[in-house]
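Input: a single structure, listed below in C-alpha cells.
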Amino acid sequence: MRVLVTGGAGFIGSHLCDRLLADGHEVIAMDNLVTGSVDNIAHLAGERRFKFIHHDVTDYIYVAGKVDAVMHLASPASPVDFARIPIQILKVGSLGTHNALGLALAKGARFLLASTSEVYGDPLVHPQPETYWGNVNPIGVRGVYDEAKRFAEAITMAYHRIHQVDTRIIRIFNTYGPRMRLDDGRVVPNFIGQALRRECITVYGDGSQTRSFCFVSDLVDGMVRLLLSDEVHPVNIGNPEETTILTFAETINRLTGNAAGIEFRPLPEDDPRQRRPIIARAEQILGWSPQVALDEGLSRTIYDFEDRLAR
Ligand code: NAD
Ligand code: UDP
C-alpha cells in the first residue's frame, strides 16, 4: 500500500511509519512540526519508500499519485498544549480532519482516524467501553481537544455514511515510549525527565487519579490491525493495567534509582479522575492484546530519554 500518515513526525506517527515500512508499504509522512520533530524520522532519510512533506493539514492537502490509506494522526496531544495552542488544536481536529477525509475520498483510500480516550472526558462509567458517550466539559480548558476529536469522529462517520469512505476510528488510551518530546508536559516525559535529573517528581493533586499506560509498539500494532480489518465503529486500544499516578511516580523513582522523592502540585482543571479501557472489542475483532509489561516498556523509554538527554 501507499500510505499517507499525517502527524508522521510525531511520537506515535514516527513509530507507525517505521512499522508500515517494515511491513513493506510505501509511506508519506506529512507534518507541520508544531509538536513533532524531524529527529523522529531522520533515520528514514535514505529510505526509498519513505517521503516527508512539511505541510499544515488545516490547509488543502495535495498528494501526487495514488494513495491507498490515509492514517490521520496530526494533532497536538499534551494537556500543556491545550492551554498553549487551543485554536490550532480545534483547527486540526476539524479542518484538518475534513481535508484528510477529502483526500481519502478523492483517492478512493481507506481512512483511519486517531481518536482518543478523551472523547469519554472525565468518565462516569468505569472502565470505559466504546458504547459510553462520555462526560466532557465543552468550555473547559481540555474541551478544545476533546471536542475537536469528537467532531473528528462525527465527520468521519458522516463521510462513511454519505460518501461511503471506508473509515476506521481508533480510540487511543495513554500511550508512551521512546521519542516522546522531552518537554512535552505529559506525565511520562515529566516524571522520567525529573527522575533522571534527580529532582522531585511532580504529582498533581493527591495522585489518586488513575491512568492505564500502553507501550507504543503495542498501540501501533493495534492501529495496523484495525486499518486492515473491516470494523467501521470505534475500537479502544490501550493497556487495561490501571495505576494511580502516585504509584506510577513511585515506579519511575524505583526504575531510575531516584531518591529525591515526590512533590505535590495543584490538580489541573477537569483532570479525569480515572481511565481504563475495556478492550474486549479489540481482542475479539482484531485478535489484539498488549504484550509489553509496564516495567519493560518504561525501562526502554528511560533508556531512550537517558540517551537523548546525554546528547
Ligand atoms: P505528537 O504531538 O508527538 O504527534 C502529533 C503530530 O501531529 C506532531 O508531529 C505534530 O507536529 C503534528 N501536527 C499537529 N498539528 C498539525 C497540523 N495542523 N498539520 C500537520 N501536522 C500537525 O503526539 P502523539 O502522542 O504522537 O499523538 C499522535 C496522535 O495520537 C494524535 O492525534 C493524538 O491525539 C492521538 N492520541 C495520542 C495519545 C497518547 O497517549 N500519545 C492518546 C490518545 C490519542
Ligand atoms: N500529571 C502529574 N504530574 C505531571 C504531569 C501529569 O501528576 O507532571 C498527572 C495529570 O494530572 C494526570 C495524569 O498525570 O492526572 C496524566 O496526565 P497527562 O498529561 O499525561 O495526560 P492525560 O491522561 O491527563 O491526558
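The residues of the chain are indexed from 1 along the displayed sequence. Start at 1 and go down the list; that is how both ligands and their atoms are numbered. Keep in mind that what you see is a predicted model, and the values were worked out from it rather than measured.
- Atoms of ligand 2 found under 4.0 Å from any heavy atom of P268 (numbered from 1 in listed order, with element): 11 (O).
- Checked against a 3.5 angstrom limit, the closest N/O atoms of R186 and ligand 1 fall inside it.
- Ligand 2 is approached by F191 to a heavy-atom distance shorter than 4.0 Å.
- With ligand atoms numbered from 1 in the order given, ligand 2 contributes 7 (O), 13 (C), 14 (O) to contacts under 4.0 Å with heavy atoms of I245.
- Below 4.0 Å from some heavy atom of P76 lie the following atoms of ligand 1, by number and element: 14 (C), 15 (N).
- Here is the list of ligand 1 atoms found below 4.0 Å of a heavy atom in G36: 8 (C), 9 (O), 10 (C), 11 (O).
- Considering backbone and side-chain atoms together, T58 places no N or O closer than 3.5 Å to any N or O of ligand 1.
- Distance from atom 3 (N) of ligand 2 to its nearest protein heavy atom, with residue and atom name: T202 O, 2.6 Å.
- Among protein heavy atoms, the minimum distance from atom 21 (O) of ligand 2 is reached at P79 CG, 3.7 Å.
- Proximity to K149 (heavy-atom distance under 4.0 Å) selects the following atoms of ligand 1: 31 (C), 32 (O), 33 (C), 34 (O).
- Here's the thing with R186: none of its N/O atoms is less than 3.5 angstrom from an N/O atom of ligand 2.
- By the criterion of a heavy-atom distance under 4.0 Å, the backbone of L33, and not its side chain, is placed next to ligand 1.
- In the displayed structure, H25 atom NE2 is contacted under 6.0 Å by more than 12 heavy atoms of other residues, nucleotides or ligands.
- Counting the atoms of ligand 1 from 1 in the order shown, those under 4.0 Å from a heavy atom of V92 are 15 (N), 16 (C), 17 (C), 18 (N).
- Atoms of ligand 2 found under 4.0 Å from any heavy atom of N190 (numbered from 1 in listed order, with element): 4 (C), 5 (C), 8 (O).
- Between the side chains of S212 and E241, no donor-acceptor pair is found at a separation under 3.5 Å.
- Nearest to atom 23 (O) of ligand 2 by heavy atom, out of E118, R211, R265, Q209, is R211.
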Task: D146/R150 under salt bridge (Lys or Arg N to Asp or Glu O under 4.0 Å): CA gap, chis, key distance, verdict - done: CA-CA 6 Å; D146 301 9; R150 289 166 68 100; over 6 Å; no

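- Residue G10 has at least one heavy-atom neighbour below 4.0 Å for each of these atoms of ligand 1: 3 (O), 4 (O), 8 (C), 9 (O).
- Taking atom 25 (O) of ligand 2 as the reference point, the nearest protein heavy-atom neighbour is R142 NH2, 2.8 Å.
- Remark: the Y120 side chain and the R171 side chain contain an N/O donor-acceptor pair separated by less than 3.5 Å.
- If you look at V80 next to ligand 2, there are no close heavy atoms at all, none under 4.0 Å.
- Ligand-side atoms of ligand 1 in range of A9: 9 (O), range being under 4.0 angstrom from any heavy atom.
- Interface atoms of ligand 2 facing V203, defined by a heavy-atom separation under 4.0 Å, are 7 (O).
- Some N or O of Y204 is nearer than 3.5 Å to an N or O of ligand 2, by distance alone.
- Looking at T6, I12, V57 and measuring to atom 26 (O) of ligand 1, the nearest heavy atom belongs to I12.
- Looking at atom 11 (O) of ligand 2, its nearest protein heavy atom turns out to be D271 OD2, 2.6 Å.
- Within the 4.0 Å heavy-atom criterion, the part of S115 lying near ligand 1 is the backbone and not the side chain.
- The protein heavy-atom contact nearest to atom 17 (O) of ligand 2 is V187 CB, 3.9 Å.
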